[in-house]
Amino acid sequence: MQERYEPAAVEAEAQQYWDHQHSFEAKEDDTREKYYCLCMFPYPSGRLHMGHVRNYTIGDALARFMRMNGRNVLQPMGWDAFGLPAENAAIANGVPPAKWTLDNIAHMKRQLKSLGYGLDWNRELTTCLPNYYRWNQWLFLRMLEKGIAYQKTGVVNWDPEDKTVLANEQVIDGRGWRTGALIEKREIPMYYLKITAYAEDLLESLQSMPDWPERVRAMQANWIGRSEGIRLGFPHAIGEGGVLYAFTTRADTIMGVTFCAVAAEHPLATHAARGNAKLQAFIEECKRGPALEAELATQEKKGMPTGLYVTHPISGDPVPVWVGNYVLMSYGDGAVMGVPAHDERDFEFAKKYGLPIQQVIDVEGRPYSMAAWQPWYSEHGRCVNSGRYDALKYEAAVNAVAADLRSKGMGERRTTWRLRDWGISRQRYWGCPIPIIHCKICGAVPVPDEQLPVVLPTHLVPDGSGNPLLKDPDFINVSCPKCGGEARRETDTMDTFVDSSWYFLRFACADNDQAMLDYRVQYWLPVDQYIGGIEHAILHLLYARFWTRFMHDMGAVPFKEPFARLFTQGMVLNEVFFRKPEFGRVQYFNPADVTISTDKTTQRRAAVLRADGKEVESGGVVTMSKSKNNGVDPQSLVDEFGADTARLFMMFAAPPEQTLEWSDEGVQGAYRFIKRLWKAVYEHVSRGPAGGLDRSTLTEHQRGIRRQAHQTLAKVTDDIGRRRTFNTAIAAVMELLNALAKFPHASVQDRAVVQEALEIAVVSLSPIIPHVTHALWRSLGHRTALIEEAWLKIDTEALQSSTVQMVVQVNGKLRGHISIAVDGDEAAIRDTALADPNVRKFIGGAPVRKLIIVRGKLVNIVV
RNA sequence: GCCCGAAUGGCGGAACUGGUAGACGCGCCGGACUCAAAAUCCGGUGGUGGUGACACCGUGUGGGUUCGAUUCCCUCUUCGGGCACCA
């Protein structure tokens, strides 16, 4: 064994061994229990970032741990390869998105390999290749057949200068990101997937998914947003038998309705705007307004009367109809009944426009004042000023109102969802073509299965002015599959969330070019452990759950939930440094180019840019990002310290579900620890082979170190296997190593105990730092490869101890420590506790009122 | 605005089911080795008071439940994630 730890050599050797042995090629084996460990696949942006390293290190550590615990592990990798950045790169550099993407994939694949991840590369898949995306198209056609995919109009951001549709992120303050032109809203025909058909099931199943984080389930439940209430009608005289419908969960407040508000897109608004130029202008303003819910919710509430009146369904009173910019056309019927007294938004609206506010709910007799909104105004209570509903509580009132409305044919109970159907059409080049052909005679005709895939041409270079597919006659001009006449191919492509909604299924059979899925799906799926960023908690995971349900219903997979267990890891943060010039934009500096010094006495930190020796400002610790220039390239870390140090630091610096702060010193610490581990093994083996362990003749000291070694093994096994807290697992091994450093190597038994403890340390860390432990396992005298070894067994006998330490409190304050025999009874514990001199001092002469004993932990004496 | 999290020494974090707050690491201080430095090794390190044994204070704010609260409940503050065309 070499004295010096040289990561480059150690890591090359281990990686070569795994490669030659095909160690991570997964094979179906019905006799073995499988473990499908999947990390969210990356977008091939160019280089790996720290978030990737964190994600894949967590996955790899788990996969290796499960493998050593006897599971048949599958850990695949692929590329989420369609998307906007490739088009942006094309615009900037004139490179076709296909070439840019594939070059990035090649580079990132090398990086993943250099980090030593145990991935089965035979199953690699790339979503921008036809052998993958043809099945998007195939399944889309199945959805069309079942009515799950359908066409309707949708609103997009239109840049009038570039004549192109922009993504929300390309719209900055209402203007196009490249042109600066004011963005218009346009309604165009698009394809939608009817995820709302599964709303109920998607929501209900969350309750039987205990291995998903509570917060993710809560976020999804809120997103789906089930509301039970009443859809009620306000008759009006516009058109024949006209009724304005609105949904409410607070039918008990119906007698407090003083107005109705409709969305700008509502038919009543359109009707009223005819011949009303002011209203027309207001409606246009609303339609131009923000598209993002966050902006909609914070914008100032504005409205305008339509001049129309509807009839209150109970009282028969006329109710004015307003257009309100806070009413969403996409929720319910695009109209709300305005109850200013008991809804905060309605209250604000009524105050602003002088609409009457009528209290109809009494909450515990509290006095109601119209001067300012109080949070309790929207609480449940008893009806007042409500005619025959007076004194009824919430449920009784709702029931009575529902019955009355039903008898008048003006209302019914209704469940409404916040969830909307998934619009998948993108007016963009770099995506999966939607397999539709538009014929002047036959209309929208699905591409027949035998003509799939509709291949996306790869040589086009977008220039920012519209979808280049529109300018490609070879792609556009086709004949109609139905009538054979001249027709035009659909140029919209699919949302990239489609690609990621089923890739986890395809890993089971990525080599099948005849079918989307095959029998191997039944062996590997569902995914046992899915790992990815919390930022995907709603959209991606909900779409994947929906997609899997559709495939279940068509008989393609035997399960509804694709991910049995979910783990969401936190983001990677770093400090951000900048200078704000008097004029112009803020300048960001990479932390690698900044030196930080700390004044010992004042604790003041000063950050200086090395290039010019002048100070820069710190903007705190934020998510690593290109725009803030605070990213650290994982490659530089691997080159300088090796993959094991990178992996160890990532896993040690924070619990995996929390944010992780970058720290150069922390990396140094991880490197130092690996060197210490190496040295400990070196010093042990350079004394020659250790003899066998004789458990019956151990000294107390030897038994102590054995107990700690096996306690460490037990803790690591639990921390990785159950808690997923790699940071505390590593800390436990560090403690063991600290103890070993003080332990003698004198006798044969000393050395046997050390050998056992070192093996425990090496095996415990092997999921996290697989290269160095691969080498150390051999150094400790084993001929086998560590990756083929089983996880070590905990010797429960070694854990035994004859005494146990307990603490003694007086009135809840710590006053002493006692040592008690493991089998000591309560009387013995009590007597020992009361005999402690410091304890007696604090009891004084006072009588003991109560004595609480928590076995093995503490005694609390209450006086 | 709505939904979901988080807050503990100089710093990252630990304390798993209400039971010893600060494990482990970083940084810092002192020492050993060295001509010197780096590396390495040993010791110390929440605050205040005390020579000391020790005592008091201390987990974002204010309150509550309990023999006992970092942990449970309520309030507020700050920070982070998501909000449907970024992935």
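The sequence lines fix the lettering, A, B, ..., with proteins before strands; numbering per chain opens at 1.
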Straight-line distance of A:Arg418 CZ to A:Asn222 CG, nearest 0.5 Å = 8.0 Å
Picking from [options], which would you name as closest to the side chain of [X]?
X	options	result
A:Asn168	B:C57, B:C86, B:A55	B:C86
A:Gln809	B:A39, B:U20, B:C4	B:U20
A:Lys715	B:A55, B:C16, B:G19	B:C16
A:Met190	B:G13, B:C3, B:C85	B:C85
A:Lys679	B:G13, B:A84, B:C41	B:C41
A:Glu661	B:A21, B:G12, B:G13	B:G12
A:Asn860	B:G68, B:C4, B:A87	B:G68
A:Leu84	B:C56, B:C57, B:A87	B:A87

Contact class for A:Val807 (heavy atom, under 4.0 Å): base, sugar-phosphate, or nothing?
-> base
Touch check for A:His540, heavy atoms < 4.0 angstrom, all strands: base, sugar-phosphate only, or nothing?
-> nothing
Can you tell which of A:Thr496, A:Asp495, A:Asn467, A:Thr493 makes a side-chain hydrogen bond (donor to acceptor under 3.5 Å, both in side chains) with A:Arg426?
-> A:Asp495
Listed range with range, the stems formed with RNA chain B by at least 3 consecutive Watson-Crick or G-U pairs (under 3.5 Å) are B:1-7 with B:77-83, B:10-12 with B:24-26, B:27-32 with B:40-45, B:46-49 with B:54-57, B:62-64 with B:72-74
Taking N and O atoms by type only, does the side chain of A:Arg849 place a donor or acceptor under 3.5 Å from a partner on the base of B:C67?
-> no
Mind checking whether A:Trp502 and A:Tyr132 have ring centres under 6.0 Å apart?
-> yes
Find which nucleotide of RNA chain B each of A:Gln805 and A:Lys850 is nearest to by heavy atoms, and output the residue with the more 5' nucleotide.
-> A:Gln805
Quick check on [N]: is either OP1 or OP2 less than 4.0 Å from any side-chain nitrogen or oxygen of [X]?
X	N	result
A:Lys841	B:A53	no
A:Arg420	B:A84	no
A:Thr496	B:A87	yes

Using a cutoff of under 3.5 Å, can you pull out all pairs of nitrogen or oxygen atoms linking the protein to nucleotides 23-27 of chain B, with atom names and distances?
from  : atom 1 : to       : atom 2 : distance (Å)
B:A23 : O2'    : A:Glu735 : OE1    : 3.3
B:A23 : O2'    : A:Glu735 : OE2    : 3.1
B:G25 : OP1    : A:Asn738 : ND2    : 3.2
B:C26 : OP1    : A:Arg672 : NH1    : 2.6

Syn/anti state of B:G46 by chi, 90° boundary around 0 | anti
Under 3.5 Å: donor-acceptor pair, side chain of A:Ser425, backbone of A:Tyr191 = yes
In plain terms, say whether A:Arg217 and A:Glu214 are close enough for a salt bridge, that is, a side-chain N and a carboxylate O under 4.0 Å apart.
-> yes
